[in-house]
Structures are given as structure tokens and as C-alpha cells.
Q: 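I'd like to ask you about the structure that follows.
So that the names make sense, note that chain A is the first sequence line, chain B the second, and so on, each numbered from 1. What you are looking at is a predicted structure, and each value in this text was computed from that prediction instead of being measured.
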Amino acid sequence: MMARGALFSALIALFLLNACAVAKSASGSRVLVLLDKLDDRADYSAFFSSLSERGFDVYFKEASDVSAKLVDFGERLYDHAILFSQKSSGVLSATKLVEFVKLEGNVLAAVGRNPPDNVRDFAYEFNVGVDETDTAVIDHFNFNSTEGAQSSHTTILANAFAPSAAVYSQSTLSGGAVLYDGVALKFGKNPLLLKLLVGSATTYTWGARESSDVTEQPYVSGSELILAGAAQTRSNARVTFVGSQKLFSDRHICNDTSLNQTTSRFKLHVLENIIVVDSKSGNAAFAADISKWTFQERGVLKISAVQHHKEDESFQRDSYRVKDHIVYQLDISEYRDGKWRPFVAPDVQVEAVMIDPYIRATLQPSSSAKPSSATATTYVTKFQLPDQYGVFTFKVDYRRPGYSWIFTKETLPVQQFRHNDYERFLVVASPYYAAALSTATASFLFMIAVMYSS
Amino acid sequence: MAGLRLLNLTRESQLSWLRVVILSGIGILAFLSRLFSVIRFESIIHEFDPWFNYRATQKLTESGFYDFWNWFDSSSWYPLGRVVGGTVYPGIMVTAGIIHRILNALHFPVHIREVCVFLAPAFSALTAVAAYLLAGEMKDSSAGLLAAAFIGIAPGYISRSVAGSYDNEAIAIFLLVFVFYLWIRALKLGSAFWGSLCGLFYFYMVSAWGGYAFITNLIPLHVLALMAMGRFSSRCYVAYSSWYALGTLASMQIPFVGFQPVRTSEHMAALGIFGLCQIMAFTQFLRSLLPARTFQVLLQAAALLAFGGGLAALILLTTSGFIAPWTGRFYSLWDTGYAKKYIPIIASVSEHQPTAWPSFMFDLGFLIPIFPAGIFMCFQELRDEHVFVILYAVTASYFAGVMVRLMLTLTPIVCVASALAVSKLLDVYLKDSNANEAEGDPSSTNGDNAATQPAEDDPVGLISKMLGIPRHYVRSVVNTRWLVVGSIAWIMVMFAWHCTWVTSNAYSSPSVVLASRGPDGSQHLIDDFREAYYWLWQNTPEDAKVMSWWDYGYQIAGMANRTTLVDNNTWNNTHIATVGKAMSSPEDKSYDIMVKHDVDYVLIIFGGLIGYSGDDINKFLWMIRIAEGIWPNEVIERNFFTERGEYRVDDEATPTMKNSLMYKMSYYRFQDLYGGQQAIDRVRGTPIQSSKVKLTVVEEAFTSENFIVRIYKVKKPDELGRSLESAQTFDEGKRRRKTAQNKSGKRSRKSRAGSKKQSE
Amino acid sequence: MTLHRRRLPLAAILLCAVLLVFSSTVSGAPAGDKLDQLNKRLSSNPSSPITLSQKDYELFTSKPRNYSLIVVLTAMQSQLNCHICRDFEPELKDVTAAWARQKAPNTLFFGVLDFKDAQATFQSLQVRTVPIVYYFPPTASATGKVEPETYDVPRKGKDAEDFANWVEATAHVKIGYKKPLNYAAIFSALLVVMLVIVLGKLFSDNILWVLQNKLVWMALGLVFVIMMTSATMWNSIRGAEYVGVRNGQPEVIAPGFGNQYVVETQVVGLMYGLVSLSFVGMVHAREAKGVLGQWGPLVLLGIFMFLLSWLFAVFKRKNGGYPFGLLF
């Protein structure tokens, strides 16, 4: 009790201290945390303090608190939301959450054994399924032995991270397994979904209470079983679903994952890439990474400048001519560790589309055209417009898992040759010129002859 | 009469002055009688094509000739664009532009719109003058004046030349008549000067209207006829050669025409006759050198051979494909079933339908019944120019019979021919020949009694005997001469009434603004189109792409200044078919099409509320047909008809019909107007489907006062990656996830989003 | 032609028939022997379509199929007077014969199903218009679709070319149909040409006289112009009826501005002719001497005015709001 009080006061101090600290997020620093009771925040003190250390202004509200608003008069009151409430869905219905997300607010939703309905519905809108109440993710081969071998093995060790550089830092990927105690998620068909942490081959979900055998095909199992998943909306708002809010709790964050000895035989081939000696759980790193990603602290891309011009010119035209040679360049920068840095990728492409793509060119990170500044990489490519007039759309559409979707398009008329763009005198036509001239002179002479002959 | 000398002029100069006055009077009349629309509505450009011409003229006046010449219009036929300079007859725009410039140079600050609106009436005055000249060549100046009067007010011509109908025909008809006048003149005088002048104005005509092909074929036909009649002369040779050589070379300067004069079948007749002329002239020349009879036979044989050779060469070239065959539009004039089968886009236009006889009467009044009389008189004195009139009459009457719009080319010749007839009649009956009246007149000074004998059986005597009134009283009333003249005058007055009535009732509404009469006869203007276009202009982004059926493309571009997918210049059938497919497909399919073409707004015309019959549901079948022409397996006309083969919109309508985007957009929220009870479509005269019309991929953006124009906004893809339909159900507040029945650990396989496959 | 009128009296029979069809479970006979049967049927007369009965239809169209079958649903009974069916039959025969001539491995069969043999099938297929063609692809086809495709004869055209093209497109086979040369036509054309030449040689001077005669040309020209201006083309394009029938008795003047009968146009053309004639007459009667000179103008004027007024009266009748008239 005492300890909790102390922690609590420490947290308050932290907030006061960090009130002025600048946020590292690209989109803003206001975070609303929804809890069942305000006291619960103590359970997640480590996580929250890490947030405020990262410069977020964290506000706590009870889910049932009527003043818990995310959006007011179409304006976001917060930039990010953390849903830790478990008991009841509270005042924030799925509709309100969707509205918040549509206004480009980011949401980190963590549920437990009995997920509240608003999160269920919210997840459903992304076509993310949450398994039923009182079911749990079970793995009889990687579980936390501190609970004892005869436990129901519902606190499992997960380390099948989606290998996305945008989300995870290297240390997390190589770090210890994540202690996970919660419900299973399942992805439906939605191109915007992104798996963050999935189950291992031996993971499945089943009723937590009954110790009976599995009588039928589980809801989901294996690597299809999502422990933590995310969706990135078309306006790059990020929503992360984690099946176990305990994952963020202090207990799991600072806990030793000492694996049970009985199944150590299986360990070798089931979990070869667990570093057993590492006894620290990966939860801290994992929580930090996914919160960083969700709150737009990493994996955020932006196009800072788009420019195109004819090869022999330097200024941008609002229309071109067929078969012109075009130089197309744009700057892309990535937001990492609190500042914009150059983003280098080999696979950025530009398309010239008129109903169908006529040209698709890969943009090269260049140093020649414009020295890549400290904040952005300049990509350049050259191509010749097709011999086809029309209104072309120059389009860059770059989506990679984990990174925010960058898209830019510009419609430009590509005109035909002007009447004076053609050659005026053709060498091949000289016989015709000769013919015309000779005829003219001949007829002139003929007229003279006729007039003065008589 | 000969005695009196007005402002001591000779009689001749009096007459010529009189002619000038009358002619100018006719010109003014022709101008004024076309102003109904301006007086009733306002000075506004009419229906569809004029809006493009107006837009092009604006471009011309704003950014100069060369920019207009190379104008690439990126805001039409998105995303294909249209090279306007190369696909347009620039004559009318240039004309209006020049007039505008002159007026401004003279410090008359006239807006270009006014110039465009009043161009057609002004040129109709000139047409009257041209008709005067042409008929004058046929007979004499009195016939000319009659012809001028007729064409000045003939509805057949007014239909295309009222103030505001700023279309090619506005100036083309003047040019047509004037070119023919010049041709006749050149032929009569055999002067290269007039021939060249003819060629010059032919060039103007070519730059103004595609109908120049009529001239290109009629003049050679005339020459051929003259040859057949053995009337080929050096005059003919000079006139034709100078016209053809200059005219053809000049016409090839129009980019839209380009090399057609030597590459397409429409122009081959002229070329062939040109060659034939040379051969004939050469043979005649040789004949003059070679007296021997045998040589002449030889020559004729050679000439025939050469002609045959040329013909064979032409045929060979055509079959080998070097010379393009007849284009569809022209070909459909000969094979009348052709268009309907192969070019639905042409058949779909109402003015390409055949003409029923009432519309002949409607457009030409009493001129049509006496038209044959005029032709008869041309046959009587069969000079070269009369041959021309006959040929013109025969061909033009055929074309007018096949296509309503070609009534336009028939009108001038009808006016001229009937003017010949009428003036002939008036000549005969106005000539005061005392001889006819004098005979059998006792009161006449040389009254010999032999004359009184037959006096009983002449009409005057008969009536006087019956009524017992003295002859001279009767004669002053029953006077053949004045009866005939009077009745003709009366008919002409009636004709004037007829023309005025037709003009004011049929041809003076600028189909942009509709006028309807209330029960109490009060006029009520329906201005939905401009309302909607104005909305588009004010409330949509500059670069918004608007999809509509092609009829409205020009108006959207002209009035709303927004990018369109298709418009009235129907040069790309596939693109039009794409729009037709989007309109006739179910929502999800058409959504893909619309997204692919960057469509932001969809504009449709719906007349069901106030009974405006020219709406899109009535044009829908054409959209389907045109789309089916390209995608016969995806759009199937049969599926839009009920099993009994009816085209219905009520509950009986086929599912394909009800699911088509066009149907849904037309009737979306139409029921709400009728509160609870059954909604009635006033055009189809049937109730519409009773179930609610649901739209998911587009949302209603604007609907005009009378529901005539409805504009829909194409939705963006859902933020959360849901299908638009499910997103809509969610936004409507319906909870999509069915909650699990029991909260126990028992498994119920409901409520599993993951297991549900959601279609993207 | 539509059948629903015809169907009503047969309703009872059809009902039973339908029941029969649905009760008789379609025998999914193995594809192999079905193919043999078809070949056997075909061997009797390979160059004409197989006449199917209702049972055959059920059998051959049942899955699985290792052949493609084209069934023409038609109605040749005289009382159904389906003209298109009769027109289409020879064309179908030609196409079948062309296919037989191909000597291709028998994978495509043509069958005919007549309404009188299989009314129940028509009923169950909900066929309203005949002739209509169904194409049944092999069940294990490359395209993967097994549902029949239809060829709507009245709309897609009943000529053998169109049909053959469609078959080639859908069944991916080479029919190789070629329109047979119409020798009779060619021969007769040649005959006519020769006749013309011979006659021309014989009566050359008379013909020349005719050709050079102004009257002939005048007559031709005037008749043509009058025909055209009285909208004969409308009749030929729209296929107008010769004369209308309004409750029993014939109707000469069609109601409505945009509508007309053939006889109507003929009458109008005649009127045009007479009006012009009287008009020209007036011109010439003036010069005439004697009785004609005295009476002619008045009488002709009378005729002229009367006919013209009549024309306008008719026009007024067709065009409701028209306010004017001459004499009446």
C-alpha cells in the first residue's frame, strides 16, 4: 500500500516535471488514458512514466466519467487515446472512437479476458475479431513458469514479432519474449491491417475457465492468432489492438521469464530464437515500441517537396508536350527519435497515368540534383513522355507495412505539337519545292510569251 | 406611272432604289423576327453545341488566334483531352472574333456574348441578300425580292438561326447560298474572277460547316449534267477549274479537313469531274485542230477511255484503302438502316431522324405545295442555272426527307424555286393588259358589237345577268386579275403569320431555360439547368471532374466551367460507352469505373417531378445500347426490359434496372416528396418502385428546384478500409456486430468478424 | 414472337409437365455414353441439327458434359406463325452443314428443340421469345464456366454469318461458314445486262430520244421531288403501315404530328402535284384566248385555293395548336 502511494506521488512529480517537455510525437502530445478506476494507473506506472518521459501530457479519466470526451464540436481534444478500461464500455462508444480516428487521432486499445463492447465494436469496424469473453490465449510450450507448471498456461511467452523496422527497434527484436496474458485477436480481410505480434506454432485460444480438452477447432491458432495488431487508416491515423492489457502492467514489465524446465526439450526446436539466458521479459521494450509507433513517433513518412521540369529547364510548367523529357523529383523524410531525417528506400516509384499507366519509373535517391538536406532525401528520375496527348496524372503511391502511407498526385495536360513545332522546310521535300517553283516560273514565262507574241 | 419622276430620277434608278429599300427592309425584318428568345428570356446562348462555340470564341478572343489554333482542351474528354484546333470548324468563332475586334476598335465596348448571340440573325439578313442575288440570276430582280422575303422568314431556316443559336449553320447557310450564286455567276460569265471568288467563299464555307460536302458534290454534279446535255463549254471549263483548284487548295488549309479532299470518297466526285473537264476541253481543242471525221470518233473513244481509266483507278484506290470510303455519317444518308445498326450514337440524336410530311409544311408553309411549280418552270426555260436549281432541288429534298436537320439545306432552294413560280404568276397577272378586259366591254370606246355576243358566257356577264347589275359594277368586283393577285397576296400574308407563329412557338426557346404556362396562362420560367451549373461553379473545386451523359458536356464546360468526361463532340465512342456502362451498371461496378476516371461528381437530368420528358431515364436505353456495343457481355439491353419486353420503372422493373446507378440516382429520395403515399413519375406516368431507393457509393450533393438536375458526389474510399456499404450502415448508427448470446466460456460461433469475409 | 398468349390455354398440361420434369430427377448419366449417343444421332444425318425431344434435352444438357452443345429453341408450328423461326431454320442448317464440312472431332453438336415437343422445358426456362439459342459448354472447360450462354436471334440477327460468328466466338471453334454464292441472282443479273445491251442496240435511237426528251426528265424530277417532300423516306425508314385502322373503319390521316400512313403521304403528294398544276395552269391560262382565257383563271384559282386550304386543314388536324387556316 505504502509503495503504491509513493509511486503515485512520484508519478505526479513526473507530470509536473514533464508538463513543459516537448513531445517526441509527430502529431501531438496530448494523451488520454481511460481506466476503470483512476487508481488503476498505479498498476501501469512504469509504462505511463515512460510515456511522460517521452514528453507526452498524459491525462487520466475513468471510462464511466461523462466528461471523458475525445472530440468536441468536431475538434480533437487529444491526439492519442489509450483504452485500458476493462469492466464496462463506458461513455466512449465505438462510434465516438471511429470519429476520433477519422480526425486522425491515434488509439492504443488493450483488452483483457473480458473485452468491453465498445472496443469489440471498434475492432470490428477494422475487421479485427476479438475472441469471446473468458477465453484466453494458451500455449503449453512457452508459458511463464513462475505461475507453476500445473497452471492453465495462459501467461504465454510470445516473441514472433512482425519484422518491421518501422515498428521495432533492433533491441526489441533480439530481446526477450513478451509475457502475454489475454485474449486472442483475429484479422479479417482489410488491406490496412498490420500484424505486430502473433502466436507461435503452438499457440491457440480456448475457454480459460474450463480445463476440459479442446473439443473443436479453436477460434484461431498458430501464427494466425494475433496478439497485437494494428491498423493504419487512409489518413495515417494509427490504431493498435493488444489482446492483453496486463502486458503493460508493472508486474509483467519488470518480471523474469524463467521458462519451465519440464518442456525445455521442446524449447530447442519450438522456440529456437529465444535467448533463454535473458531472463528479463521483453514487455518494456515491446510496450515502448508499439506505443512509439502508435503515437507517430516512428515510421512516419512525409513528402516535403515535389518538383518536375523539362530536362533543359529548371522551372516547373503546368503543362508539357508529347515526347518531352521530364525530370521528376521529390523529397521524402522520416520522423524518427523526435526529428525529421532523410528516408532512404530503393523502391519508390513514380507513375504517369492516363486511365492506364504509361510510364512507371523508379526514383533514385540522388545526391547530384539537390544535396539531400539533413531532413530529407531527394529522389530523382528522368523519363520521356509518351507520344500520346492527354491529361496525365503524375502519381507517387508508396505504402510499406509499418510506414505511413505517402501519396502525391498531380494532373498535367500533355499537349500535342504546336503548328510551328514542326519542321518548316524538309530536305526530303525539296523535289516538291523545285516542282512548284519551276511550274510557277514556267507559267509566268508562258503568260509573257502569250501576251507579247501577237 | 412612267410619267411621275420622283426626286427627278430616271425610272431605272427609281426602281433600283426601290429594290435597295425593299431588300434592306427584308434584311431588317429577317433580323428582327429572330429576336423572340431575347425579348422573352434574355440574351443567352441556346441549347448545346452553341455553348462550345461560345467557349471556343471566348478562348479565341482572350488568348489570340494561334493559341486557339493549337488549343488543347484538357478540361473535356477527361483524361483524353481534345485537340480543339484540329477537330473544329473555326469559321464561326473567327467570324465572331473579328466582328468583336472591329466593334471594339470602333469603341463599341460590346461583350463577346452579345456578338455571338446576334450573329445568326445578322447573317440571316445577309442570307436574304444572297437569295436575292441567286434568284435574280434565275429570273429577275422581282423573283429575287420574293426569294429574299421568303428565306427571310421561312421557319426552316429560322429554326437554326434565332438569336442565341450560335451554331455553324448560322453562317453556313448564307455561305451556301452565296457560293451557289457565285458559281452560277462564274458559269454564266465564264470568268476566272468569279470562279476564284467562288473558290474563296467555298473556303470560308469549308471553314464554317461540315455541310460543305454538299457543295463539293453538287457543283460537280451540275457540271456532269451539263456535259451530258452537251452543254459543256469553255465557260464551264474556266469556272469549274478555277473554283476547284483554288477552293480545294484553300480548303486543305483547315486542319480538320486536311488531306480529305484527295483522300476520301466524299470528295472524289469533284476530283473526277475536274479530270473529266480537262479531258473534254482537250478533246474539243484537238477537234478544232483535226477536221477529219474519223479523228473525232477516235478522239471521243480516247476521251471515254481516259474517263473509264480514271474511274477504274479511283475504284482501285478506294478498294486498296488509299482513299477512305464514305464515313459513317455520310453513308447513313444513303443506307438509312446503317446508322441504327452500326452507329447508335448517330441514330440516338433526335435531329437525325427522318422527316414526316407535317414538318415539311411546318417549316416551309405554302412554299412546299408550289415548290414543284417552280421546278416545272425551271424545266420550261432550261438554261444552265435552271439545271442547277433542279439538281439542287432533287438532291436536297432527298436529304431533307432522310434527316430532319437537313431541312436546312432544302429551305433555300424551296424559297428560290417558289419565288420563281410566284413572281412568274404575278408578272402575268400584274401586267395590266387592257386587251383581256377590254373585249366584250360595251362601255369601251371601240365597242364593236361582235364583242358583245360572247359577253354572256364570260364570268362577268354571267353574274351581271343573274344579279341584274350593270356589267361595269360587277367587273370592278369580279376581276380575274385582282382576284388572283389578291388571293396570292392573302396567302403570302397568311404565310407571314404562319412563320411568325412557328418561330415564336417552336423555335424561340433556349432549351437552357424552360418556359411553362400556368393554368391561368401566366408564364413560369424553369431555370433549373443554370441553377445547377451555377451551383457546380460555385461549390465544387476548380479541378472537379463531372460525369454526365454527353448531351450536357458542353453546357457543363460552358456554364459551370468544370472538367467533363464526354461531351457533344462525340469523337470517342468508347469513352461515351464507358460513361454509359457506369450509368447502367450496379453501384459497386460503376464505382470502380468512376474511381478509375477520377470522377468527383455525377450529374443527371430527371424530369419525373414536373414531366420534363427529355430526361436521362428516357435516354437511358441509348446509354445501354452504346455501352453494349463495346461490352456486349457486361451490359445487356435485354435485362432492362421486363419479360413482356416492356421498359418499366415501377415495381415490375427488372432487378438490373432497379440496381442500375442511373435508376437509383434518378429516384433517390424521390419518394420523400410524396410523404407517405406512392410516388408518381410524371414523364413515364407510372408509380415508381415502392421500396426505398438506397445509395451507397455516391451521396446527394445538389438537387435543383424542380428536381430536373441532380448532382451526386462520389464518396471517397472508407478511412477504415471498410466497404462503403458497411461504412454507411455503421454511420447510420446500426450496430453491425451481433453480440454473443451467452457470456459463458461455451463457444458460439457468432459475432466473429474474422470469420466474416468483408468484401473490400 | 411471344408465347405467353399461347401458353394460357395449355396451363394445365404445362403444370403437369413441369411437375413431371422436376419429379424426374435429371439423370446425371456419365458423359462418355452421352457423347456416343450424340454421335450416333448425328451419324444418321451429320449435316443437319439433331432434333431433340424433351427427354433428350434433359439428358444431353445434364452435367457432366465432355462436349459442347448448341440447342436452338424454336416453334415451327404453323399456328404459332413464328416467321423468324422459319427464316432461321435454313440458316441454322447451313451453319451445321459448314461445321460438318470442317471434319473436326465431334465436340460441338447442334440440336433443335421445338415448342410442340417440349413445352414444359420452355416453361421451366421461362422462354418468352423464340427462336433463342443456348450454348452449353463442356463442364470441364478451359474457361471454367458451365452455365449456358444465350444467343437472342431476333436481336443479334438471324443471318447465318452472325450466328456462325457467335458460335465461333463462344465455342472457340472454327465453323468456316461462307455465304453460298447466289448463282440465280448472278445469272439473272447477267441476263438483264445483256438484254439491256441488246435492246439498247436495237432501239438505240428511241432510247436516245427518251434520254434526250425533256418531258421524261421533267416527269421523273417532279415525281421524285413530290415523293420526297411528302415524306416517302419516313415510310420506308420507319416502315409505316399503308393505312391505319381506327375502331373498325380504315383511317387515312394518322393522328399526331410525328406520325403518318403511306396512303396519307400519297394523298398529300397528290395534293402537292395538283396545287402546283393549278398554279402553273393559272400562269398559262392568262395567255389563253376565248373561253379558257375567261374561265380558266377563275376555275384554277378556285381549285388552287380549295386544295391549299384543304392541305392546311389537314395539317391543322395533325398539329393541335395550329391556329391558322385559309378558306376553312
Q: Measure B:Met229 against the heavy atoms of chain C and call it side chain, backbone, both or neither at under 4.5 Å.
A: neither
Q: At a heavy-atom distance under 4.5 Å, which candidate from C:Leu308, C:Val280, C:Val275 has the highest pair count against chain B?
A: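 Highest number of pairs under 4.5 Å: C:Val280.
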Q: So which atom in C:Trp234 and which in C:Gly258 form the shortest heavy-atom distance, rounded to 0.1 Å?
A: CZ2-O, 3.3 Å
Q: Under a 4.5 Å heavy-atom cut-off, does chain C meet the side chain of B:Ala421, its backbone, both or neither?
A: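 Both parts, backbone and side chain.
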Q: Considering only heavy atoms, which portion of B:Phe360 lies under 4.5 Å from any heavy atom of chain C: side chain, backbone, both, or neither?
A: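 Side chain only.
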Q: Can you see which heavy atom on C:Met271 is nearest to which on C:Leu307, and at what distance?
A: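 Closest pair (atom of C:Met271, atom of C:Leu307, distance): SD-CD2, 3.7 Å.
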Q: In terms of relative ring orientation, are B:Tyr507 and B:Phe362 parallel, tilted or perpendicular, with 30° and 60° separating the classes?
A: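 Plane angle over 60°, so perpendicular.
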Q: Between C:Leu326 and chain B, which part of the residue has a heavy atom less than 4.5 Å away: side chain, backbone, both or neither?
A: both
Q: So which part of C:Val225 gets closer than 4.5 Å to some heavy atom of chain B, the side chain, the backbone, both or neither?
A: both
Q: Only pairs of heavy atoms separated by less than 4.5 Å count here; which of C:Lys214, C:Met218, C:Lys318, C:Gln212 has the most with chain B?
A: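 Most heavy-atom pairs under 4.5 Å with chain B: C:Met218.
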Q: Side chain, backbone, both or neither: which part of C:Phe224 has a heavy atom under 4.5 Å from chain B?
A: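 Contact with chain B: side chain only.
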Q: Identify which of C:Phe279, C:Phe312, C:Phe304 forms the greatest number of heavy-atom pairs closer than 4.5 Å to chain B.
A: C:Phe279
Q: Side chain, backbone, both or neither: which part of B:Leu425 has a heavy atom under 4.5 Å from chain C?
A: both
Q: Quick one: do C:Phe324 and B:His498 satisfy ring pair (Phe, Tyr, Trp, His ring centres under 6.0 Å)? Show the steps, please.
A: CA-CA 7 Å; C:Phe324 306 118; B:His498 171 92; 7.1 Å; no
Q: Decide ring pair (Phe, Tyr, Trp, His ring centres under 6.0 Å) for B:Trp482 and B:Tyr429; before the verdict, give the C-alpha distance in whole Å, the side-chain angles of both, and the deciding distance to 0.1 Å.
A: CA-CA 8 Å; B:Trp482 292 116; B:Tyr429 279 88; over 10 Å; no
Q: Please say whether more than 12 non-hydrogen atoms of neighbouring residues, nucleotides or ligands are located less than 6.0 Å from CE in C:Met227.
A: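 Not more than 12 within 6.0 Å, no.
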Q: Closest heavy-atom contact between B:Ala419 and B:Ala143?
A: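 Minimum heavy-atom separation between B:Ala419 and B:Ala143: CB-O, 3.6 Å.
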Q: Between C:Tyr151 and C:Phe163, is the gap from one ring center to the other below 6.0 Å?
A: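 When the ring centroids of C:Tyr151 and C:Phe163 are compared, they turn out to be within the sub-6.0 Å range.
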Q: Is C:Ser276 reaching over with its side chain to a backbone N or O of B:Pro369, donor-acceptor style, under 3.5 angstrom?
A: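 Judged by distance alone, yes, a pair lies under 3.5 Å.
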Q: So do the side chains of B:Met492 and B:Val422 get within less than 4.5 Å of each other, counting heavy atoms only?
A: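 A side-chain contact under 4.5 Å exists here.
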Q: Identify which part of B:Phe399 has an atom lying under 4.5 Å from any heavy atom of chain C, answering side chain, backbone, both or neither.
A: neither
Q: Quick one: what part of B:Val502 sits under 4.5 Å from any heavy atom of chain C, side chain, backbone, both or neither?
A: neither
Q: Pick one of side chain, backbone, both or neither for C:Glu264, based on which atoms fall under 4.5 Å of a heavy atom in chain B.
A: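 The answer is the side chain of C:Glu264.
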Q: Is B:Leu426 in contact with chain C via its backbone, its side chain, both, or neither, using a 4.5 Å heavy-atom distance?
A: neither
Q: Any idea which of B:Ile390, B:Ile491, B:Leu382, B:Leu391 has the most non-hydrogen atom pairs under 4.5 angstrom with chain C?
A: B:Ile491
Q: Do you know which of B:Ala396, B:Ser487, B:Ala393 has the most heavy-atom pairs under 4.5 Å to chain C?
A: B:Ser487
Q: For C:Leu220, is it the side chain, the backbone, both or neither that has a heavy atom under 4.5 Å from a heavy atom of chain B?
A: neither
Q: Side chains of C:Ile253 and C:Arg317: closer than 4.5 Å at any heavy-atom pair?
A: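 The answer is yes; the side chains approach within 4.5 Å.
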